[in-house]
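Worksheet for the structure shown next.
Start at 1 and go down the list; that is how both ligands and their atoms are numbered. We're numbering straight along the sequence, starting at 1.
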Amino acid sequence: MKKIMVIGASGQIGTELVIALREKFGNDNVIASDLKETIKAALSGGPYEQLDVMDNEALKAIVNKHSITEIYLLAALLSATAEKHPDFAWKLNMEGLFNVLNLAKEKVIKKVFWPSSIAVFGSNTPKYNTPQYTIMEPSTVYGISKLAGERWCEYYAKQYNVDVRSIRYPGLISYTSLPGGGTTDYAVDIFYSAKRNEKYTCFLSEQTALPMMYMEDAIRATIGLMEAPDDSIKIRSSYNLGGISFTPAEIYAEIKKTKPDFEIEYAPDFRQKIADSWPSSIDDVDARNDWGWNGEFNLEKLCKIMLENVLDAGISVSQNT
Ligand code: NAD
Ligand code: SER
């Protein structure tokens, strides 16, 4: 029987992933876990375990206790926060992955999902329609940890027959849970300012195009990849996933259609350099061909749903940094 554990469940992706997995596989078969002691209301419908993924013994004990078969490992420091804490970012992003991959190597668990990112690319990578296989010279601690993680995932798949699956997520946009310290967080924060009828100060310049995706598409892709037949998964490093590409000026223009008085100003900070090193758009033909990926949300649909659902309060971690 499938027993799933989501590590980093209280975060932006984890919250929605746990809800979706519980709807599909049943509340009791999906264990949410996070470093945080308190359970979010959205996760209270099923089991919760407080866990530091770097504590290997505690991880093993929880996996044994619940007879876990699959782990979705989401705990990490994201790009903007990682630049402020490079040593710790490397430690968390790599140690957590090794602890989980080793459980699969020892055949304690059967399957692993681990997310990579568009941050694996660098300024020498072709910027538009970035292919699956290309120059990869990330310049951020976060990107370096994700690229190293991809190589280790492929190594464990080839050497130890580990069933590990991965997606290079673009910037993710959602309203259920706030983003946790990334360079793409502006595309969430902007909706809170619009909702509060406040001028938005954008930390990226107006023409900075980045690949983005509405969370519902990302969750569908994640579960779709994990449920795809084993022999359809040809890439064991990480799959490119495209989504929608837009600039701050373009998302602002789309929001203004609903909020005509909304104002924006641009004050690029250290995150501009990170964004400038990333692709503007992604080619995801392998994900489409191998396991049938297809996105459903365009910019118009995304803005409509965000404006309808974000609450007046709330600002992401990175907007405060
Ligand atoms: P997030 O920061 O919102 O959530 C991460 C969660 O991990 C938090 O709830 C945090 O408490 C928890 N955590 C931190 N340290 C932990 C530890 N030692 N043990 C257990 N839990 C711990 O991040 P997210 O946006 O949900 O991202 C999840 C994953 O997806 C990360 O690997 C990230 O790199 C990747 N990703 C995210 C995006 C995005 O736009 N959100 C894009 C690309 C890749
Ligand atoms: N959204 C993530 C970040 O900005 C991309 O991996 O860090």
Side-chain angles (χ1 to χ4, degrees), residues 5-18 32-40 42-43 48-56 58-59 62 71-85 88-89 91-97 99-100 113-121 138 140-147 149-150 153 166-174 176-189 203-204 208 210-215 217-219 221-222 238-241 243 270-272 274-275 277-279 282 316-319 321:
M5 177 153 81
V6 178
I7 303 176
S10 302
Q12 190 195 8
I13 301 172
T15 307
E16 298 207 25
L17 183 62
V18 168
S33 88
D34 201 282
L35 193 55
K36 292 181 179 146
E37 277 174 34
T38 32
I39 313 175
K40 286 173 98 166
L43 302 179
Y48 180 84
E49 294 281 359
Q50 197 247 330
L51 168 74
D52 179 347
V53 71
M54 293 184 291
D55 183 341
N56 204 19
L59 170 66
I62 292 171
I71 291 182
Y72 290 69
L73 172 58
L74 304 177
L77 281 201
L78 275 78
S79 59
T81 316
E83 287 307 294
K84 292 177 184 285
H85 309 283
F88 181 71
K91 184 175 163 62
L92 171 62
N93 294 6
M94 300 314 297
E95 251 179 51
L97 177 59
N99 287 348
V100 171
F113 175 81
W114 171 82
S116 184
S117 160
I118 52 168
V120 292
F121 300 113
T140 61
V141 179
Y142 176 68
I144 295 168
S145 74
K146 289 294 183 187
L147 181 55
E150 285 192 9
C153 286
S166 176
I167 285 170
R168 291 172 183 153
Y169 288 132
L172 299 181
I173 299 173
S174 62
T176 307
S177 195
L178 292 168
T183 302
T184 55
D185 294 8
Y186 91 84
V188 177
D189 297 335
F203 59 74
L204 298 183
T208 308
L210 288 170
M212 301 278 189
M213 182 175 284
Y214 183 58
M215 188 63 83
D217 269 346
I219 299 296
T222 306
S238 191
Y239 277 96
N240 272 9
L241 210 61
F270 72 100
R271 289 166 279 195
Q272 184 66 46
I274 300 176
S277 75
W278 289 354
I282 299 282
S316 76
V317 172
S318 65
Q319 187 71 355
T321 54

K84 NZ/CZ over F270 ring centroid, <6.0 Å and within 45° of normal: yes
Closest protein heavy atom (residue, atom, distance) for atom 6 (O) of ligand 2: S117 OG, 2.6 Å
Element-labelled atoms of ligand 1 that are located less than 4.0 Å from some non-hydrogen atom of L51: 19 (N), 20 (C)
Minimum-distance protein heavy atom relative to atom 41 (N) of ligand 1: Q12 OE1, 2.9 Å
Heavy-atom nearest neighbour in the protein, as seen from atom 36 (N) of ligand 1, with distance rounded to 0.1 Å: Y142 OH, 3.6 Å
Nearest-contact summary for atom 31 (C) of ligand 1 - protein heavy atom, Å: L74 O, 3.3 Å
Contact with ligand 1 for K146, non-hydrogen, under 4.0 angstrom: yes
Heavy-atom nearest neighbour in the protein, as seen from atom 4 (O) of ligand 2, with distance rounded to 0.1 Å: T183 N, 2.6 Å
Interfacing atoms of ligand 1 (cut-off 4.0 Å, heavy-atom, S116): 43 (C), 44 (C)
Numbered atoms of ligand 1 (with element) below 4.0 Å of D52, judged on heavy atoms: 17 (C), 18 (N), 19 (N)
Heavy-atom gap P170 to ligand 1 smaller than 4.0 Å: yes
Taking atom 26 (O) of ligand 1 as the reference point, the nearest protein heavy atom with its distance: I13 N, 2.9 Å
Residue and atom name of the nearest protein heavy atom (relative to atom 11 (O) of ligand 1), distance in Å to one decimal: D34 OD1, 2.6 Å
L77 and ligand 1 - part of the residue with a heavy-atom distance under 4.0 Å: neither
For G171, the ligand 1 atoms whose distance to one of its heavy atoms is below 4.0 Å: 40 (O)
Close-contact set for ligand 1 against A76 heavy atoms, below 4.0 Å: 31 (C), 32 (O)
Top protein contact for atom 23 (O) of ligand 1, by heavy-atom distance: L78 CD1, 3.4 Å
S116 side chain vs E150 backbone, donor-acceptor pair below 3.5 Å: no
Interfacing atoms of ligand 2 (cut-off 4.0 Å, heavy-atom, S79): 3 (C), 4 (O), 7 (O)
Geometric class of the Y186/F203 ring pair [parallel <30°, tilted 30-60°, perpendicular >60°]: perpendicular
Sub-4.0 Å atoms of ligand 1 with respect to non-hydrogen atoms of A75: 7 (O), 13 (N), 16 (C), 20 (C), 21 (N), 22 (C)
Protein contact of atom 43 (C) of ligand 1 - nearest heavy atom, named by residue and atom, plus distance: Y169 CB, 3.3 Å
